[in-house]
Protein chains: 2
Amino acid sequence: MKSAHIPRATIQRLAVYVQALEILLQDGENVISSDGLARACGVNPSQIRKDLAYFGEFGVRGVGYYVQDLLAAIKQSLGIDRTWNAALVGVGNLGRALLRHGVFRRRGFILVGAFDCDPFKIGEEIAGLEVVCSRRLKERARELNIEIGIITTPPERAQRAANYLVEAGIRGIVNFASARIAVPDNISVEYVDFMHHFFSVAFNISLNQARNSI
Amino acid sequence: MKSAHIPRATIQRLAVYVQALEILLQDGENVISSDGLARACGVNPSQIRKDLAYFGEFGVRGVGYYVQDLLAAIKQSLGIDRTWNAALVGVGNLGRALLRHGVFRRRGFILVGAFDCDPFKIGEEIAGLEVVCSRRLKERARELNIEIGIITTPPERAQRAANYLVEAGIRGIVNFASARIAVPDNISVEYVDFMHHFFSVAFNISLNQARNSI
DNA sequence: GAGTGTGAAACTATTCACAGCA
DNA sequence: TGCTGTGAATAGTTTCACACTC
């Protein structure tokens, strides 16, 4: 297939496949069928085959997929067969936790800078990084080769953080602040808002309750 | 309309509308059109009208929606016109950050318990809560009237945390661990995996790069 | 035989377009 | 006139079913 436009949902699922495949690899599994992988990921097997078909033909008919090869192929397709340098703006509770969270490095996203505009935080050291004034982002971005920005400011400061990042020449933003930000459209923005998940759960519980009380 | 089955995407958007409406309310706006709200939320205006139609008729033709009334109506529809007690299992970096994160309380989700199985963490106090042994979840859940569980353990301990929560009689789980968990199907589970967003950004940057180099 | 790759079918979600009401 | 509420049209996604290959 090797199509032009890839559904957003597909690339989200590819990330799930990566995690499942890494576990399989750890467990010493060499081969996995779309059925097996589907079970591990909680999706439909043909969904997996369709998703992979966007990027090429990775399987062997009658056999399945070689775990290591498929993992490498997906990682390459997603652009995570390399490392990415990221800078975090907004050293609050959440920012600190993310700086200390090992999963980023483990998955190839290296936090190389921590920025905040609060003078009390500037100079503080977190997870081996010195907190630097946000105004110096542009100057530091070049030295540090930063490509991705992470916003963990309060919502009202998210746009300013975004401006600093854009000015610094980053190419993509992961925004944890619950505020929409405006950026040039060659910059990719992802919104992480985990309150949505809490609302979903609250809604589902209410729904179940209503259903049971009939 | 008042339909039976509401798309998952709709209820996600409703959460976005809530945030936008709260800002409008703060700003003293009394009335908003689907067009105006759409612009604020970055969606299509008829999308908003469709979404709202699942729950009832809240607007006034020729006028728009009364901000306060609409907000109340959506909150009631989502089941967030009340507070929910939640317990967090897994007091690592992320767990600590969430316990300290004011947004939960502000949005009506009250963290009433923190649990961990690490004896070094038990007894520690975080954001006014004493960390309690996970094994005591069931016993505490009743006293504290816990309805929602938050899992912030490492992936390999997520299932155990889920088991404790289910046993304790909670009705929904928000799982921050990057591991699938199995629970009875009357329990609502939401997965929060922000690595997906990083993969998406990496993919999009790679894609733009490829496009520009043609 | 077993399991991929893929058209076609089914389903779901979004957008359009306009009737109907304040 | 202006904006909602909604059927119809469109677009997008998932699942099925089976030809094809190892």
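Protein chains get the first letters and strands the later ones, always in sequence-line order, with residue 1 at the start of each. Source: prediction; values computed, not measured.
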For [X] and [Y], I'd like to know if the aromatic rings sit close, meaning centre-to-centre distance below 6.0 Å.
X      : Y      : result
B/F198 : A/F104 : yes
A/Y164 : A/F115 : no
A/F58  : A/Y65  : no

Margin query: To the closest 0.5 Å, what do you measure between CD1 (A/I74) and CG (A/D81)?
Written below: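 Reported to 0.5 Å precision, the distance equals 12.0 Å.
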Could you state the [atom1]-[atom2] distance from [X] to [N], rounded to the nearest angstrom?
X     : N      : atom1 : atom2 : value
B/R8  : D/dT13 : CZ    : C1'   : 15 Å
B/L52 : D/dG5  : CG    : P     : 7 Å
A/R49 : C/dT6  : CZ    : C1'   : 9 Å
A/D51 : C/dG5  : CG    : C1'   : 13 Å
B/H5  : C/dT12 : NE2   : P     : 8 Å
B/I11 : C/dT12 : CD1   : P     : 18 Å
A/Y54 : D/dG12 : OH    : P     : 11 Å

Notebook entry, point to check: Could you give all pairs that pass the salt bridge (Lys or Arg N to Asp or Glu O under 4.0 Å) test and reach residues 150-169 of chain A, with sequence neighbours left out?
Noted result: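 Salt bridge (Lys or Arg N to Asp or Glu O under 4.0 Å) check on residues 150-169 of chain A returns no pairs.
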Check: B/R13 side chain N/O closer than 4.0 Å to the phosphate oxygens (OP1, OP2) of C/dT14?
Finding: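 Yes.
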Item checked: Donor/acceptor link under 3.5 angstrom from A/K50 side chain onto base of D/dT14 ->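 No.
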Next item on the list: Mark yes or no: B/R180 above the aromatic ring of B/Y191, with NZ or CZ under 6.0 Å from the six-membered ring centre and no more than 45 degrees from the axis.
Entry: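 Output yes; distance and angle both within limits.
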Next item on the list: Could you check whether the rings of A/F199 and B/F109 sit parallel, tilted or perpendicular, using 30° and 60° as the cut-offs?
Entry: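 Plane angle between 30° and 60°, so tilted.
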Notebook entry, point to check: Among B/N186, B/I187, B/I181, which one satisfies side-chain contact (heavy atoms from CB on, under 4.5 Å) with B/V166?
Noted result: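 For B/V166, the side-chain contact (heavy atoms from CB on, under 4.5 Å) check succeeds only for B/I187.
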Check: Can you name the one residue among B/N163, B/L144, B/I170, B/V89 that meets side-chain contact (heavy atoms from CB on, under 4.5 Å) with B/L137?
Finding: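 For B/L137, the side-chain contact (heavy atoms from CB on, under 4.5 Å) check succeeds only for B/V89.
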Check: Between residues 60-70 of chain B and DNA chain D, which residues have a heavy-atom gap below 4.0 Å?
Finding: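 B/V60, B/R61, B/G62, B/V63, B/G64, B/Y65 - these, ordered by number, are the residues of the stretch whose heavy atoms sit under 4.0 Å from the strand.
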Next item on the list: Please work out which residues in residues 25-48 of chain A have a non-hydrogen atom less than 4.0 Å from an atom of DNA chain D and list them by number.
Entry: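 When residues 25-48 of chain A is checked for heavy atoms under 4.0 Å from DNA chain D, the hits, listed by number, are A/N44, A/S46, A/Q47.
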